Q: 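Below you'll find the structure I mean.
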Amino acid sequence: MNQCDIAIVGAGHGGAQAAIMLRQQKFEGSVALIGDEPELPYERPPLSKDYFAGEKSFERIMIRPEKFWAERDVTMMLGRRVVAVDAEAHRLTFEDGETLDYGTLIWATGGSPRILPCPGHDLDGVHAVRTRADVDAMMAVLDSVERVAIIGGGYIGLEAAAVLTKLGKKVVLLEALDRVLARVAGEELSRFYEAEHRAHGVDLRTGVAVDSIEGDDSHATGVRLADGEVIPAEMIIIGIGVIPAVEPLIEAGAEGGNGVLVDELCQTSLPGIYAIGDCAAHANGFADGATIRLESVQNANDQATVVAKAILGHPVPYDAVPWFWSNQYDLKLQTVGLSTGHDATVIRGDPADRSFSIVYLKQGRVIALDCVNATKDYVQGRKLVIGRASPDPEMLVNESVPLKNLT
Ligand code: FAD
């Protein structure tokens, strides 16, 4: 294939959903789904959860079975990396120099794991958790691993810690800030998860600076902290965020930096080029209009739908409420809204019961909820976030009052 009507670069959550939606919306032209990973599109969340734990096979995390793509006439171009975009000529260039001409381009490339800028970061035994290949590489050696050091106390680091602890590994988790999940949640949730991990045997340390990764014959043997202590480990996992994969688009002239800038229809500043998912920086109504990137399946899927509709001439601006989940041990966290900038919190239920919700308020209005083993609050609280409700805090804290009564 050297030309297509719609080229989708990135065969992850957003790219796959864009192809699905285009066909669902009766787009009849040719669609190419291009991805640099060798696999058909698969779900990424299980990589730090049940796939890593060996509880789910790869087949069970595929977004659609192989025949689905053939039946929908979506041309899969897998194991192919796009290195350049010529926005005027509507042409993509692959790593091997081959080209593909497109009518419309959807850029859905996600991001690549941020590299820890310290000596030893590239030793064998140092892992990221972004792709199936990353996780398969860890699973292949797990039997010979006793001690794991995880650098980064975000969701991915914490989920990996939960899986590895359950598998009987000794886990040390190192977080540079003074609490885990500092970027995405309030202090109460951080403290709850810190206590849970410690209760499960994780040596969880906050406020620690990493100096280097130590090695022996090119294989990592431990993590040296700034104070000189060395944490011995046969496996080191780095989970310190992602860098959006947008270089070819930025080089082609698209506006952006930390992600490519898109408008409410996910259009970039380059005509005929859209961007969605983790790599798309957009003004978000649930962040008071601030330009942000969201790293969630919800966002990738919803933006894919926005783009498919826009391309087919039924534009509907992106205005979806952000939501997210995380599974650690027997704890199911469900988050709705964005808590950044909150000025008050209300806790419904007792964290000691391991079923509670944190309601985040800003100037009296509900902006987000973190619900731990509390699905009813999550479902009903959604409406409070969407409606920017300002309920009486005394009613909010009263667990016996359902949130649906407070909209
Ligand atoms: P991706 O799904 O990352 O897909 C991008 C694809 O593009 C990748 O295959 C990439 O290799 C490819 N690519 C990049 N550059 C190029 C190029 N130049 N040419 C060709 N292909 C390219 N979200 C949740 O909502 N809940 C969760 O519980 C959750 N858990 C997660 C656990 C893990 C371990 C990870 C890594 C992520 C998790 N996320 C979770 C986040 C979620 O998976 C992402 O937000 C989502 O995958 C974003 O979709 P995307 O299409 O933007 O990018």
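Quick note: residue numbers are just sequence positions, from 1. Order of appearance sets the numbers: ligands from 1, and atoms from 1 within every ligand. Just so you know, these numbers come straight off a predicted model, no measurement behind them.
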Q: Which residue owns the protein heavy atom closest to atom 12 (C) of ligand 1, what's the atom, and how far is it?
A: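 Of the protein heavy atoms, Asp36 OD1, 3.3 Å lies nearest.
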Q: Please confirm whether Ser326 comes within less than 3.5 Å of ligand 1 when only nitrogen or oxygen atoms on both sides are compared.
A: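 Looking only at distances, the answer is no, because the N/O contact criterion of under 3.5 Å is not met.
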Q: Which option wins on minimum heavy-atom distance to atom 20 (C) of ligand 1: Arg80, Gln334, Glu95?
A: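 Nearest heavy atom to atom 20 (C) of ligand 1 lies in Arg80.
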Q: Which residues pass the side-chain contact (heavy atoms from CB on, under 4.5 Å) test with Glu146, not counting sequence neighbours?
A: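 Glu234.
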Q: Can you find an N or O of Ile156 that's nearer than 3.5 Å to an N or O of ligand 1?
A: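 The answer is no, given that Ile156 and ligand 1 share no N or O pair closer than 3.5 Å.
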Q: For ligand 1, which atoms sit closer than 4.0 Å to a heavy atom of Pro45?
A: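 Close to Pro45: 27 (C), 28 (O), 29 (C), 30 (N), 31 (C), 32 (C), 40 (C), 43 (O).
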Q: Is there a side-chain contact between Trp325 and Asn327 (heavy atoms, below 4.5 Å)?
A: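 Answer yes - side chains close enough.
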Q: For Glu247, look at atom CD and say whether over 12 heavy atoms of other residues, nucleotides or ligands are found less than 6.0 Å away.
A: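 Check passes, neighbour count above 12.
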Q: Around atom CG of Leu78, are there more than 12 heavy atoms of other residues, nucleotides or ligands at under 6.0 Å?
A: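 Atom CG in Leu78 is crowded, with more than 12 foreign heavy atoms closer than 6.0 Å.
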Q: Give yes or no for whether the N/O distance cutoff of 3.5 Å, strictly under, is met between Arg44 and ligand 1.
A: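 Yes - when backbone and side-chain N and O of Arg44 are compared with those of ligand 1, one distance drops under 3.5 Å.
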Q: With a 3.5 Å distance limit and no angle check, can you tell me whether Arg205 reaches the backbone of Val172 through a side-chain donor-acceptor pair?
A: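 No, the answer is negative, given that no donor and acceptor are paired below the 3.5 Å cut-off.
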Q: Taking 4.0 angstrom as the limit and counting only heavy atoms of Gly277, give me the atoms of ligand 1 inside it, by number and element.
A: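 Near Gly277, meaning under 4.0 Å from one of its heavy atoms, ligand 1 has 52 (O).
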Q: Can a cation-pi geometry be assigned to Arg191 and Tyr193, taking NZ or CZ under 6.0 Å from the six-membered ring centre and within 45° of the ring axis?
A: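 Ring-cation test returns no.
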Q: Is it the case that the side chain of Ser190 and the backbone of Val180 share a donor-acceptor pair, with hydrogens and angles ignored and the cut-off at 3.5 Å?
A: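 Yes, Ser190 side chain to Val180 backbone: donor-acceptor pair under 3.5 Å.
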Q: Which atoms of ligand 1 are found less than 4.0 Å from any heavy atom of Ser48?
A: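 This gives 32 (C), 33 (C), 34 (C) as the contact atoms.
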Q: Give the atoms of ligand 1, by number and element, whose distance to some non-hydrogen atom of Glu37 is under 4.0 Å.
A: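 This gives 8 (C), 9 (O), 11 (O) as the contact atoms.
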Q: With atoms numbered from 1 as shown, which atoms in ligand 1 lie under 4.0 angstrom from a non-hydrogen atom of Ser296?
A: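 Those atoms are 23 (N), 25 (O), 45 (O).
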Q: Can you list the atoms of ligand 1 that are under 4.0 Å from a heavy atom of Asp278?
A: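 This gives 44 (C), 45 (O), 46 (C), 48 (C), 52 (O) as the contact atoms.
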Q: Find all atoms of ligand 1 within a distance of less than 4.0 Å from any non-hydrogen atom belonging to Val129, and give their numbers and elements.
A: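 The list of qualifying atoms is 34 (C), 36 (C).
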Q: Taking atom types as modelled, is there a side-chain donor on Tyr318 or Asn284 under 3.5 Å from an acceptor on the other?
A: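 No, because no side-chain N or O of Tyr318 sits under 3.5 Å from a partner of the opposite role on Asn284.
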Q: Quick check: does Trp323 get an N/O under 3.5 Å from an N/O on ligand 1?
A: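 Checking ligand 1 against Trp323, no N or O pair falls under 3.5 Å apart.
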Q: Got a sec: does the CG of Asp217 have more than 12 other heavy atoms crowding it under 6.0 Å?
A: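 For Asp217, atom CG is not crowded (no more than 12 foreign heavy atoms under 6.0 Å).
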